[in-house]
Amino acid sequence: MLPPPRRCGCRLAFEVRRYPDRGNLRRKGAVRIVQLVVKNPSELDFSLPLLWHLGSLDDPPEMHVVYLAADRAQMLRTGHGYTAILRSIGVKELDLADFLPGRAHRLERAWRSAFKKSYSDELSIREGLAALLGPRLRGPDTPGAAIRTARAVLDRARRKVEHVALRLPDVVGGLRELAPDVVLLGNRRAVTPFPGHDELFAWLRDEVPLVALVPHAAHETTLREFTPFQDEGDPLPPNVDFWITLEQTHTAEILPERAEQFAVVGNPGFDRGWVEWLRRRATRADPRPSVRAHCVVLGRKFHAPGAPRPSDPFTLSYEEGVAYFSSISESLATTGHEVAVTLKPHPSTNAFLLDRALTEAGCEHWRTSFDPLAALVAEADLLVGMFSTALILGVPFGIPVVVLPSRVQTFVEQEWGVMRELYRGLEHFVGETQAPASVLGAAVEQARGARRAETPDMRHLARFLPDSPLERCVERLARTPAGASG
């Protein structure tokens with residue numbers, strides 16, 4: 001049973017204004033908020049603390065999370081942590097199956113069974129053959145691997161049927177019934193196609209009082225990180241807010257005439273109340289007395305074996321993925337302590353390839369979880385990974401955060417010098433002249449001690465992230481956009 005959020009004794013004060021399609025005045029405090037999830041649940045990582053905070057208000061808003069997928073399991077994969085947190089704070093979850101019209105609702109169970117698999121777990125025929133015929137992947141499990149590979153290839157063919165079926169749900173009609181005052185949306189949503197894209201964005205632009213484009217990652221990685229609201233037309237309509245995490249960004253310079261629509265709000269994951277709430281609900285992932293520390297490892301997306309070198313600098317080759325897992329396992333083995341490992345895969349990771357890579361790296365004993373990183377870190381003693389913006393989410397929990405060297409780190413530092421200053425200033429950053437095993441060993445020793453209420457990493461990140469992030473977000477939610485009717 002999750003502990004309930006503490007009531008904070010405040011209200012979300014919205015101005016009374018007319019909602020276009022209903023023609024009636026909403027009473028003060030009767031606020032409806034909808035979070036749209038377009039690609040994967042990492043879009044929720046920024047919003048979860050905010051939704052938790054809003055649920056603790058004396059007059060909490062009515063909140064929904066809508067996954068723009070045939071079935072939410074496509075995005076949540078095997079994780080149940082997002083649903084557990086959302087339910088505990090009174091947020092209802094919906095997906096496209098909930099928007100099936102009329103008699104089509106009778107097919108909901110069959111629909112969910114047919115369309116629950118993640119797009120990320122598919123393989124092309126070429127990728128499937130490479131996975132089976134590659135010399136590193138042959139072995140006693142080849143028959144089982146052949147079956148799983150065939151299923152992954154067939155899933156891609158079945159997806160064509162799903163694309164036709166997705167014409168059935170009335171997405172905008174369903175959202176109109178929810179009648180949100182505020183819609184939260186990841187700020188890179190335009191790069192991801194989904195059913196009814198154009199109609200949905202017309203509805204957001206013309207009918208929703210306030211749309212908040214929230215950060216899709218823990219922080220920005222470039223000086224002016226901006227994706228227009230829509231592919232064509234106004235890049236930032238008057239009713240749209242663009243939220244920013246780091247104070248050093250200059251994103252608002254892109255549209256100086258809309259400067260008031262850009263807001264530096266920080267990262268809600270650093271709120272002390274949120275951190276303490278997660279700690280109270282946390283249980284040890286591995287309660288064995290022999291385990292001296294519990295480590296969470298952040299995964300990165302990697303390609304299938306034999307695939308061309310990734311053009312995306314943030315994606316690894318298969319060989320790089322295996323080497324990454326292997327190096328962490330070997331470094332932990334040198335600490336002299338039994339360390340339990342939970343791998344938090346990238347949300348777009350192919351599960352079949354992940355299993356093969358972990359086996360090849362000798363890490364098949366690792367536990368994997370698609371639950372929210374903050375929930376996993378609340379149970380852990382240290383967080384380890386190559387560059388990922390999510391690494392900073394371990395800092396407010398007072399645990400060591402180990403940043404391993406990688407070409408991804410080199411790339412982001414070259415793109416924006418602030419990244420070099422931010423990450424190399426962390427206590428357990430592995431520099432060019434340091435041995436990863438040595439730094440990791442020191443972090444394990446520190447993790448075995450008492451958890452500190454304040455750490456050098458917390459003080460360091462305070463130079464980049466503004467304080468009071470939840471208050472800043474609520475203040476933006478209560479603003480009246482230009483042109484709003486009242």
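What you see is a predicted model, and the numbers here were worked out from it, not measured in a lab.
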Exercise. Would you call E413 and R424 a salt bridge, taking side-chain N to carboxylate O under 4.0 Å as the test?
Worked result: yes

Exercise. T251 and R224: side chain to side chain donor-acceptor pair (under 3.5 Å), yes or no, with the steps?
Worked result: CA-CA 4 Å; T251 305; R224 297 177 181 87; over 6 Å; no

For this session: Ignoring hydrogens and angles, tell me if any N or O in the side chain of D371 forms a donor-acceptor pair with the backbone of H80 under 3.5 Å.
Result: yes

For this session: Return yes if some donor-acceptor pair links the side-chain N/O of D95 with the main-chain N/O of D71 below 3.5 Å, else return no.
Result: no

Exercise. Are any side-chain N or O atoms of S88 and backbone N or O atoms of I85, one a donor and one an acceptor, separated by less than 3.5 Å?
Worked result: yes

Exercise. Do side-chain atoms of R420 reach the backbone of Q409 as a donor and acceptor pair under 3.5 angstrom?
Worked result: no

Exercise. What residues, two or more places apart in sequence or in another chain, satisfy side chain to side chain donor-acceptor pair (under 3.5 Å) together with E93?
Worked result: Y67, T83

Problem set entry | Nearest heavy-atom neighbours spanning Q248 and W416 | O-CZ2, 3.7 Å

Exercise. Nearest heavy-atom pair of L383 and I399: which atoms, and what distance?
Worked result: N-CD1, 4.0 Å

Exercise. When you look at H303 and T315, which way does the side chain to side chain donor-acceptor pair (under 3.5 Å) test go after all the steps?
Worked result: CA-CA 7 Å; H303 282 323; T315 301; 5.1 Å; no

Exercise. Could you state the interatomic distance from CE (M386) to CD (E320), rounded to the nearest 0.5 Å?
Worked result: 7.0 Å

Problem set entry | Verdict with supporting geometry, H216 and N187, side chain to side chain donor-acceptor pair (under 3.5 Å) | CA-CA 6 Å; H216 69 281; N187 62 13; 3.0 Å; yes

For this session: First locate atom CG of L470, then atom CZ of F270, and finally report the distance between them rounded to the nearest 0.5 Å.
Result: 12.5 Å

For this session: Write down the atom of H337, the atom of R448, and the distance for their closest heavy-atom approach.
Result: CE1-NH1, 3.3 Å

Exercise. If every non-hydrogen atom of A282 is compared with every non-hydrogen atom of A378, which pair is closest and at what distance?
Worked result: CB-O, 3.6 Å

For this session: Could you tell me which non-hydrogen atom of L246 sits nearest to which non-hydrogen atom of E220, and how far apart they are?
Result: N-OE1, 2.9 Å

Exercise. When you measure from the centre of the six-membered ring of F370, is the NZ or CZ of R77 under 6.0 Å away and within 45° of the axis?
Worked result: yes

Problem set entry | From CD (E415) to OG1 (T221), nearest 0.5 Å | 8.0 Å

Seminar exercise, completed: Heavy-atom nearest pair, A443 first then L382, reads CB-CD1, 4.1 Å

Exercise. Listed by chain and number, what are the side chain to side chain donor-acceptor pair (under 3.5 Å) partners of H428, not counting sequence neighbours?
Worked result: Q446

For this session: Using a strict cut-off of less than 4.0 Å between a Lys/Arg side-chain nitrogen and an Asp/Glu carboxylate oxygen, indicate whether R292 and E445 qualify as a salt bridge.
Result: no

Problem set entry | Sidechain N-carboxylate O distance under 4.0 Å for R112, D98 | yes

